[in-house]
Amino acid sequence: MAILVQPDTKVLIQGITGSFGARHARLSIEYGTQVVGGVTPGKGGQVFQHNGQEVPIFDTVAEAVRATGATASTIFVPAPFAADAILEAADAGIEVVVCITEGIPVADMLRVKRALAGRRTRLIGPNCPGIVTPGEGLDSRGGCRMGIAPGYIHKKGHVGVVSRSGTLTYEAVWQLTRRGVGQSTCVGIGGDPVPGMSHLDVIKLFVEDPDTHAIILIGEIGGSAEEEAAAWIKQHCRKPVAAFIAGATAPPGRRMGHAGAIISGGKGTAAAKIEALRDAGVAVAPTPAEIADTLLRLL
Amino acid sequence: MNIHEYQAKRLLAERGLPVPPGEVCDTADQARAVAERLLAEGAQQLAVKAQIHAGGRGKGTFVDGYKGGVRLVRTAEEAEACARAMLGNVLVTRQTGPAGRKVRKVLVAVAPEIRRELYAAVLLDRARGCPVVMASTEGGVDIEEVAARAPEKILTEPVDAVLGWQAYQGRKLAVALGLRGPLLGPAAQFFQGLYRTWWECEASLVEVNPLCVVAGPGGADALLVVDVKMSLEDNALFRHPDLAALRDPNEESPLEVEASKYHLNYIKLDGNIACLVNGAGLAMATMDIVKHYGGEPANFLDVGGSASVEQVTAAFRIIMQDPNVKAILVNIFGGIMDCDVIAQGIVAAVRETGLRLPLVVRLEGNNVVAGKRTLAASGLSVISADSMADAAEKVVAAARAAEASGAAPAGVLRGS
């Protein structure tokens, strides 16, 4: 088992006919992910074809769920419409929603967060690379890839990875894979100030998952999600955890690319996060080049 | 996006908040005329306030020695003299850095006698995932200072983003601040308007500091927004063209403005090692590792998770305009992108821009072998690196060598 999504999870792609959505739909199909349907309002009835596979396109998520039995959806919808797409997926009963879209206004996400409270839908993102549960095939094919992460860098195994970053996560995953260490599931929770699942939400799932034996947490400046995760880890987590926090050299008050990566009012510094993690017994990598090795030293 | 005090006050006034009567001025003559009018209307005292995007103006000093970016005056002549001293002058405050900011506008406004200084702000509470209104009896000082010294003096009122601000929440805060009797109603209205401004403008911060109890008409207590800092959320500007028009490019670094045209995230820093990276997290991590190996990053530059050749070329052009740069580190994790395409982009950009600085390239990911071959066959002497650590060590060494030789080398350095 892995967390959130399994190789047989049926996945929809909202925005499958846009160039970005289509490109990653094709890559997910090549990876072996069960892409069972696409959603583009106005294009219902058309078919998305790739590698001899035919993926039906629907006008609404509700219709797509009824016809395919999908339980997960990846959203590649432009920012002004993305919050609506998330709510539509939740309304249709989708269990795991991955929103790749960058640039969704905070006010939209505040409403989404309130609307999702108490529902079973779990949101990953927005502004994230998505989630990968590696498969058993060549280059980890046969797994579930929702989002934009490169599939081949993964390897099936027992390390859970959770991160706010995209390429920095690939870096860490690739370090693991090249050392022959596989992953149970890799979750990119995104770089926005109002995310769906937090580091802590994902870590709780990793702790419960018998297939995950160790955890890598990648954080960055801004907010206090890493500190909250650290406090919980200190009390409840008996699995080895290694971490890296990006942004030790970032100047305060400046937004470092990600909307949520900002030190404001002296809060959200890398130093404070590193201290909280160390205090919780987490091994913090001194540089991004040593993320995998820092974890391996614990095993 | 930050906006000026005079712009923020206008947004607050439009929503019924009490801001001092005043006008923004581009010239000293205009400042005099505005001052004459306000004094004729009965004002006893005026403030002349330099308009720059930085805090600490009152305690700041101009580069020519003139003290204070905020001055209190009682005559139109004084107002004119202050405006003349400030306009075109460069103000240095604890937030501007030593270079300071050029003052292009001053705000001339009524400055009644202040009886109490309070604090009020609306911002996003990231831990709770909701907006929060903050208030304190300790106005007129940095709230971070209050948070460190007397955190119990900061009141917070979380807001349900769907329900919006409720009137009782305003009364609760008013009473906690000691604003009772005839001030209770106006204070509750103030908080309502403050939240409404934050929500309607999609601000990331509206901070009134100080919010003052002043001598109002007839000497009775009245509330007044004496200073305000406001920043708007960049991601929401697409639906507020009127607010987007408040951008003041004079307050932004020219290189950062140039970078934004190519959808590059560029932030200039003080070091001499330029970084060009794909992805924000990896870009921060690259700066960190450069520092770890003893170097100083010259910038943060994220070309996006999937950079194009045009973006890479534009990125090189921007980096090369920074005269402090002595060496460049390119760190690309080509996940989906083909590393060979990126390598061709780097070669094209180096040729097009005539780069003469040491260039360390670390490519990883998809088709990396072909990418490295393209770099090696280009005839350019790119220093190739195998890992982030290797890349950081090599670029720090290259920057040191370039600093030691005193001048930029005549050609791209020969490397490994």
Side-chain angles (χ1 to χ4, degrees), chain A residues 23-24 27 79-80 103-111 113-115 129 148-150 152-153 163-171 174 191 193-194 218 220-225 228 244 246-251 253-261 264-266 268 270 286-290, chain B residues 95 123-124 126-127 129-131 142-144 147-148 160-163 199 202 204-205 233-239 265 267 269 271 277-293 296-297 300 302 304-306 332-336 364-366 387-392:
Chain A
R23 180 170 181 213
H24 287 285
L27 289 166
I104 304 179
V106 163
D108 291 10
M109 284 311 301
L110 288 173
R111 288 196 202 92
K113 210 164 168 71
R114 274 281 279 113
I148 59 174
Y152 68 89
I153 63 169
S163 168
R164 275 164 74 183
S165 152
T167 45
L168 183 55
T169 313
Y170 311 160
E171 179 76 41
W174 188 233
V194 185
I218 299 172
E220 62 193 32
I221 55 163
S224 56
E228 282 153 29
F244 177 73
T249 50
R254 300 300 309 265
R255 229 169 264 284
M256 306 303 284
H258 287 153
S264 49
T287 76
E290 294 159 73
Chain B
Q95 286 187 8
L123 64 159
L124 174 69
R126 290 174 61 169
C130 71
D142 276 353
I143 197 69
E144 291 85 34
D160 183 313
V162 175
L163 278 179
W199 182 259
E202 301 199 56
S204 39
L205 173 72
E233 200 209 330
D234 293 302
N235 286 345
L237 286 174
F238 73 90
R239 50 190 176 200
N265 267 307
I267 294 172
L269 302 169
V277 189
N278 67 330
L282 191 61
M284 276 187 272
T286 303
M287 286 164 43
D288 296 346
I289 199 168
V290 163
K291 179 102 175 174
H292 181 85
Y293 283 99
E296 286 292 336
F300 167 90
D302 166 19
S306 49
I332 303 274
F333 196 101
I336 303 296
E364 189 54 271
N366 193 9
S387 70
M388 279 180 82
D390 185 34

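Just so it is clear, the values below take in all heavy atoms, side chains as well, and ignore hydrogens, waters and symmetry mates. Convention: sequence-line order gives letters A, B, ...; per-chain numbering from 1.
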Enquirer: Could you tell me if the side chain of S204(B) sits less than 4.5 Å from the side chain of R255(A), heavy atoms only?
Expert: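 In contact.
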
Enquirer: How far does CD of E290(A) sit from CD1 of I289(B), to the nearest 0.5 angstrom?
Expert: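 If I round to the nearest 0.5 Å, the distance is 7.0 Å.
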
Enquirer: Kindly indicate whether the side chain of F300(B), heavy atoms from C-beta on, has any atom under 4.5 Å from the side chain of P251(A).
Expert: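 Not touching, per the 4.5 Å side-chain cut-off.
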
Enquirer: Hey, which of P129(A), G191(A), G260(A) has the most heavy atom pairs under 4.5 Å with chain B?
Expert: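 If we count pairs closer than 4.5 Å to chain B, G260(A) comes out on top.
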
Enquirer: What closest approach, in Å, do G281(B) and L168(A) show between heavy atoms, and which atom pair accounts for it?
Expert: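 The pair with the smallest heavy-atom distance is O-CD2, 3.7 Å.
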
Enquirer: Examine whether an atom of A79(A) lies under 4.5 Å from a heavy atom of chain B, and if so say whether it belongs to the side chain, the backbone or both; otherwise answer neither.
Expert: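 Looking at A79(A), nothing touches chain B.
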
Enquirer: Identify which part of P286(A) has an atom lying under 4.5 Å from any heavy atom of chain B, answering side chain, backbone, both or neither.
Expert: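 Both backbone and side chain of P286(A) come within 4.5 Å of chain B.
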
Enquirer: Which atom names give the shortest non-hydrogen contact between A285(B) and P288(A), and what distance separates them?
Expert: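 Taking every non-hydrogen atom into account, O-CG, 3.5 Å.
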
Enquirer: Looking at chain B, which one of T169(A), I221(A), D108(A) has the largest number of heavy-atom pairs inside 4.5 Å, strictly under?
Expert: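 Winner by heavy-atom pair count: D108(A).
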
Enquirer: At a heavy-atom separation under 4.5 Å, does A107(A) approach chain B through its side chain, its backbone, both, or neither?
Expert: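 Looking at A107(A), backbone and side chain both touch chain B.
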
Enquirer: For E171(A), is it the side chain, the backbone, both or neither that has a heavy atom under 4.5 Å from a heavy atom of chain B?
Expert: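 Both parts, backbone and side chain.
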
Enquirer: I want to check something: taking the side chain as every heavy atom from C-beta on, are Y170(A) and N278(B) in contact at a cut-off of under 4.5 Å?
Expert: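 A side-chain contact under 4.5 Å is absent here.
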
Enquirer: So which of V106(A), I148(A), L27(A) has the biggest tally of heavy-atom pairs under 4.5 Å with chain B?
Expert: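 When all of V106(A), I148(A), L27(A) are compared, V106(A) has the most.
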
Enquirer: Mind checking the OG-CG spacing from S264(A) to L205(B)? Nearest 0.5 Å is all I need.
Expert: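 Nearest 0.5 Å value for the OG-CG distance: 8.5 Å.
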
Enquirer: Considering non-hydrogen atoms only, spot the tightest contact between G334(B) and Y152(A) and give its length.
Expert: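 That would be O-OH, 3.4 Å.
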
Enquirer: For the residue pair M388(B) and T287(A), establish whether any side-chain heavy-atom pair is separated by less than 4.5 Å.
Expert: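 No, side chains not in contact.
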
Enquirer: Provide the closest heavy-atom pair for N235(B) versus A259(A) in the form atom of the first, atom of the second, distance.
Expert: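 In terms of heavy atoms, the two residues are closest at ND2-CB, 4.1 Å.
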
Enquirer: So M284(B) and S165(A), do their side chains get closer than 4.5 Å, heavy atoms only?
Expert: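 SC-SC contact between S165(A) and M284(B) ruled out.
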
Enquirer: Heavy-atom pairs under 4.5 Å with chain B are the metric here; pick the option from K113(A), R111(A), R254(A), E220(A) that has the most.
Expert: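 Of the candidates given, the most pairs with chain B belong to R254(A).
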
Enquirer: Please check this pair: side chain of R239(B) against backbone of P105(A), looking for a donor-acceptor N/O pair closer than 3.5 Å.
Expert: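 Side chain of R239(B) to backbone of P105(A): no pair is present.
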
Enquirer: Is it the side chain or the backbone of I104(A) that comes within 4.5 Å of chain B heavy atoms, both, or neither?
Expert: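 Answer is backbone: N, CA, C or O of I104(A) sit under 4.5 Å from chain B.
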
Enquirer: Where on L237(B) is there a heavy atom nearer than 4.5 Å to chain A: the side chain, the backbone, both, or neither?
Expert: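 Answer is neither: L237(B) stays 4.5 Å or more from chain A.
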
Enquirer: How long is the straight-line distance from CG of L110(A) back to CG of D160(B), given to the nearest 0.5 Å?
Expert: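 If we round to the nearest 0.5 Å, D160(B):CG and L110(A):CG are 10.0 Å apart.
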
Enquirer: With a 4.5 angstrom heavy-atom cut-off, which part of A115(A) approaches chain B: side chain, backbone, both or neither?
Expert: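 Contact with chain B involves no heavy atom of A115(A) at all.
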
